[in-house]
Participant: 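What follows is a single structure, and I will ask about it in a moment.
Values below: all heavy atoms of this structure, side chains included; hydrogens, waters and symmetry mates excluded.
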Amino acid sequence: MCGIVGYTGYREAYPIVIKGLKRLEYRGYDSTGVALLNGGLKVYKKKGRVAELEETLVGKDLHSHTGIGHTRWATHGEPSDRNAHPHSSASGKLAMIHNGIIENYAQLKQELTKKGYTFKSDTDSEVLLNFIEDIKENNHCDLEEAVRVALKRVTGAYVILLLDDSKPDTIIAARKGSPLVIGIGKGEHFLGSDASPMLEYTKEVVYVNDYELAIITPDQLILKNLGNEKITPFVTKLDMELAAIEKGGYEHFMLKEIFEQPSTIYDCLRGRLDAAAGTITMAGVEKNIEAFKNAGRIIIVACGTSWHAGLVAEYIIEELCRIPVEVEYASEFRYRNPVINKGDIIIAVSQSGETADTLVAIEKAKEQGAVIFGVVNVVGSSIARISDGGAYTHAGPEIGVASTKAFTGQLVVLTMMALKIAKEKGTISQERYSNLLFELDAVPEKVEALLKSADQIKLIAEKYKTAPSALFLGRGYNFPIALEGALKLKEISYIHAEGYPAAEMKHGPIALVDDQLPVVFVATKDAYHEKIVSNIQEIKARKGKVIAIVTEGDEVIPGLADDVYYVPHADEIMAPMLSVIPLQLLSYYVGVAKGVDVDKPRNLAKSVTVE
């Protein structure tokens, strides 16, 4: 949600900033802009895409060695040129970009209005900028000190980057609750919401922590806390490659990421699972194994697709480990007054590791004595740093807004965790444990096999691209996959879709069924197979159109369904990792057939860092 880029150094800033903004388009945005220091401040901004901003700047003098850029996802004020970032201060001497929400902006705005300030936008960000300038002018201090004083008054979340026309090579940055990465080069520094804007320039980065302020020049990076005490930057080496954030010949990032899943699942397993030796190695779990073994309860907190991964994990952990599991929407959990007992384990699941609701939820749970375990994709992210232990999914950068490979990575990590805990607790037989290890080890190969028939899903998508609505049904381990399939179709094609447990169909959703409604059954071979056959017959009796995801060799359901897609046989615990793939493909191909920008669906952001 919102993308920020900054550069100061010996190169031309504008091309680096624009390229960085394009790298961050996946985060979701509705307007964009840049500010450059060149004999004064120059601010250019526009509603719409980065490419549209570029077109308006052709022929302009954009020479500068220091610049900042922003892609805005509207919170305060509609998408428009005037609400786009960067914002200029009342004097025109400062420019700022902001990711986050200032919750007490109305109070600050009222104070500034009484002093004679007027505002050109509807944003909380412009209020913060003028508040900083007011402190700077009235206290006769430099920008760094003004930012420090202002942020002590601010309530909310932010990453801010500021330029001062009196300091042509300096960027001031600060962070609370939103991600900020600083790339370190020779005679230059780069800033970004993530590392993607700086990949071809440096592999050395610093992840800025909450309540830290950075003063960046080409030759120097100074980190301080809000008490003006210097902090030694912790430099991390990036292991991300440039090719990982390029399309690699695919039409869209989403399709590329769907087809990357055989390798990303393998990468998630690599170094951890040794089926032949009968071992799972997970340092984060091992470090906290006594807490897991003795846990009276596990609470999984997540949002969106990650919440669906948590639901699958609930089934698996309770089955294998015999530990009660609750799965909570982080956005609800953080505002309730939940009962947290010392020794409870909170598993926070997040692709970005920066999801605002999830971060606040685990901070509160940690205060109450819970053990926090993070399952995230982004190395160095906030959830990874705050957790007592954790595991990375190693899915690599996920550029498509709708999560695909990160979801299967989450399923793999959570399944390995369950198996390891069950083995340590003695709640699983040696034979079952060994069989499941080999089943898990075979998943990448099975995913690769089922992707070979992806064109069959493309044909199905063409048939149903004009459907106004769709229903997704599953039972047991496949119920959360039905929810995920419905979410993907909504996100990518803008078709209304609902996911339900198949047995709940008769308690309401069956009223929707007619000869226009496609009903997608996730119906792989498991303990519920006979029951789901009955559910399919009930839909067919009402002339509904049935799309069935079935196991190879199924001789019953193909005779009932209108369209069928086969996945390889797998134990029911592993089946979700296979059955979700055709649903990802279905949403992708329907979206493409409808002309939707599937990598950047409307109104959505990849990393939701504000409420």
Side-chain angles (χ1 to χ4, degrees), residues 26 194-196 199 203 205 236-250 253-277 279-286 305-306 309 312-313 316 347 349-353 373-381 383-384 387 389-400 402-420 436-452 454 568 570 573-574 576-578 580-581 584-585 606:
Y26 74 90
D194 63 35
S196 60
L199 272 182
K203 288 297 182 74
V205 300
T236 302
K237 203 90 170 174
L238 286 175
D239 61 1
M240 190 190 308
E241 297 299 327
L242 188 60
I245 59 169
E246 295 178 339
K247 289 181 184 174
Y250 286 90
F253 280 110
M254 184 178 178
L255 187 63
K256 177 193 177 212
E257 289 156 6
I258 291 171
F259 274 84
E260 282 179 337
Q261 287 174 109
S263 60
T264 56
I265 293 172
Y266 173 77
D267 287 342
C268 190
L269 295 171
R270 183 159 47 98
R272 290 165 164 167
L273 174 67
D274 187 335
T279 60
I280 293 173
T281 304
M282 300 183 79
V285 178
E286 289 155 15
T305 286
S306 297
V312 177
I316 296 172
I347 301 178
V349 187
S350 166
Q351 188 283 136
S352 67
F373 194 93
V375 175
V376 301
N377 189 36
V378 179
V379 175
S381 56
I383 290 174
S387 297
Y392 289 115
T393 56
H394 298 306
E398 189 176 63
I399 307 301
S403 184
T404 52
K405 64 178 182 174
F407 176 71
T408 50
Q410 290 167 351
L411 293 183
V412 171
V413 164
L414 292 164
T415 301
M416 283 193 290
M417 287 174 60
L419 284 164
K420 186 165 185 66
L436 287 176
L437 292 196
F438 280 103
E439 283 276 345
L440 185 54
D441 195 44
V443 167
E445 187 178 343
K446 291 177 179 178
V447 171
E448 188 167 14
L450 73 85
L451 281 169
K452 289 178 180 175
I573 285 179
M574 308 303 161
M577 302 174 203
L578 305 180
V580 73
I581 308 293
Q584 295 171 349
L585 287 166
K606 182 68 177 174

Participant: For Leu585 and Phe259, run side-chain contact (heavy atoms from CB on, under 4.5 Å): C-alpha distance rounded to whole Å, both residues' side-chain angles, the deciding distance at 0.1 Å, then the answer.
Facilitator: CA-CA 10 Å; Leu585 287 166; Phe259 274 84; 4.1 Å; yes

Participant: Should Thr415 and Met574 count as side-chain neighbours, where that means a heavy-atom distance under 4.5 Å?
Facilitator: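 SC-SC contact between Thr415 and Met574 confirmed.
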
Participant: Could you report the tightest heavy-atom contact between Ala275 and Asp441, atom names first, then the distance?
Facilitator: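 Smallest heavy-atom distance, with atoms named: CB-CB, 4.1 Å.
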
Participant: Of all heavy-atom pairs between Ser350 and Ile383, which one has the smallest distance, and what is that distance?
Facilitator: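 Smallest heavy-atom distance, with atoms named: CB-CD1, 3.6 Å.
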
Participant: Within the distance-only criterion (no hydrogens, no angle test), does the side chain of Glu398 pair as donor or acceptor with the backbone N or O of Ala406 below 3.5 angstrom?
Facilitator: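 Looks like yes, one N/O pair under 3.5 Å.
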
Participant: Does the side chain of Glu439 come within less than 4.5 Å of Ile573's, by heavy atoms?
Facilitator: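 Ile573 vs Glu439: side chains apart.
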
Participant: Would you say the side chain of Thr393 lies within less than 4.5 Å of the side chain of Phe407, judging by non-hydrogen atoms?
Facilitator: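 A side-chain contact under 4.5 Å is absent here.
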
Participant: Hey, is the main chain of His394 close enough, under 3.5 Å, to the side chain of Asp267 for a donor-acceptor pair?
Facilitator: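 Here the side-chain-to-backbone pair does not exist.
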
Participant: To the nearest 0.5 Å, what is the distance between CD1 (Ile316) and CG (Leu411)?
Facilitator: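 Rounded to the nearest 0.5 Å, the CD1-CG separation comes out at 7.0 Å.
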
Participant: Starting at CE of Met577, measure out to CG of Leu450 and round the result to the nearest 0.5 Å.
Facilitator: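 One finds 13.0 Å between CE of Met577 and CG of Leu450.
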
Participant: Less than 4.5 Å apart, any side-chain heavy atom of Ile258 and any of Leu451?
Facilitator: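 Ile258 vs Leu451: side chains touch.
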
Participant: Counting only heavy atoms not in Glu445 (residues, nucleotides, ligands), do more than 12 fall under 6.0 Å from its CD?
Facilitator: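 Atom CD in Glu445 is not crowded, with 12 or fewer foreign heavy atoms closer than 6.0 Å.
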
Participant: Checking the side chain of Glu257 only, and the main-chain atoms of Gly400 only, is there a donor and an acceptor separated by less than 3.5 Å?
Facilitator: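 Yes; judged by distance alone, with no hydrogens or angles, the pair exists.
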
Participant: For Pro262 versus Pro444, what's the shortest heavy-atom pair and its separation?
Facilitator: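 Nearest heavy atoms, Pro262 then Pro444: O-CB, 3.4 Å.
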
Participant: Is there side-chain contact between Met416 and Val285, with heavy atoms separated by less than 4.5 Å?
Facilitator: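 With C-beta onward as the side chain, the pair stays apart.
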
Participant: Kindly give the heavy-atom pair with the smallest separation between Tyr392 and Val378, and that separation in Å.
Facilitator: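 Smallest interatomic distance, heavy atoms only, reads CE2-O, 3.5 Å.
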
Participant: Check whether any side-chain heavy atom of Leu414 lies under 4.5 Å from a side-chain heavy atom of Met417, and answer yes or no.
Facilitator: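 Yes. Closest side-chain heavy atoms under 4.5 Å.
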
Participant: Looking at every heavy atom in both Cys268 and Gly409, which two are closest together, and how far apart are they?
Facilitator: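 Nearest heavy atoms, Cys268 then Gly409: SG-O, 3.8 Å.
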
Participant: Take Thr404 and Gln584, measure what side-chain hydrogen bond (donor to acceptor under 3.5 Å, both in side chains) needs, and give me the verdict at the end.
Facilitator: CA-CA 7 Å; Thr404 52; Gln584 295 171 349; 5.0 Å; no

Participant: To the nearest 0.5 Å, tell me how far Leu437 CG sits from Leu419 CG.
Facilitator: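 Leu437 atom CG to Leu419 atom CG measures 6.0 Å (nearest 0.5 Å).
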
Participant: Does Gly249 offer a backbone N or O that forms a donor-acceptor pair with the side chain of Lys256 under 3.5 Å?
Facilitator: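 No, the answer is negative, given that no donor and acceptor are paired below the 3.5 Å cut-off.
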
Participant: Give, for atom CZ of Phe438 and atom CG of Leu273, the distance between the pair rounded to the nearest 0.5 Å.
Facilitator: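 One gets 9.0 Å once the value is rounded to the nearest 0.5 Å.
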
Participant: Output the distance between atom CD (Glu260) and atom OH (Tyr250), rounded to the nearest 0.5 Å.
Facilitator: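 Interatomic distance, Glu260 CD to Tyr250 OH, rounded to 0.5 Å: 7.5 Å.
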
Participant: Quick one: does any side-chain atom of Asn377 pair with a main-chain N or O of Gly396 as donor and acceptor, under 3.5 Å?
Facilitator: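 It does hold such a pair.
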
Participant: Does the side chain of Thr281 come within less than 4.5 Å of Glu286's, by heavy atoms?
Facilitator: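 Contact flag for Glu286/Thr281 side chains = yes.
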
Participant: Provide the closest heavy-atom pair for Ser381 versus Gly353 in the form atom of the first, atom of the second, distance.
Facilitator: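 Looks like OG-CA, 3.4 Å.
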
Participant: CZ/Arg272 to NZ/Lys420 distance, rounded to the nearest 0.5 angstrom?
Facilitator: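 That separation rounds to 11.5 Å.
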
Participant: Going by heavy atoms in the side chains, are Ile581 and Thr408 under 4.5 Å from each other?
Facilitator: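 A side-chain contact under 4.5 Å exists here.
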
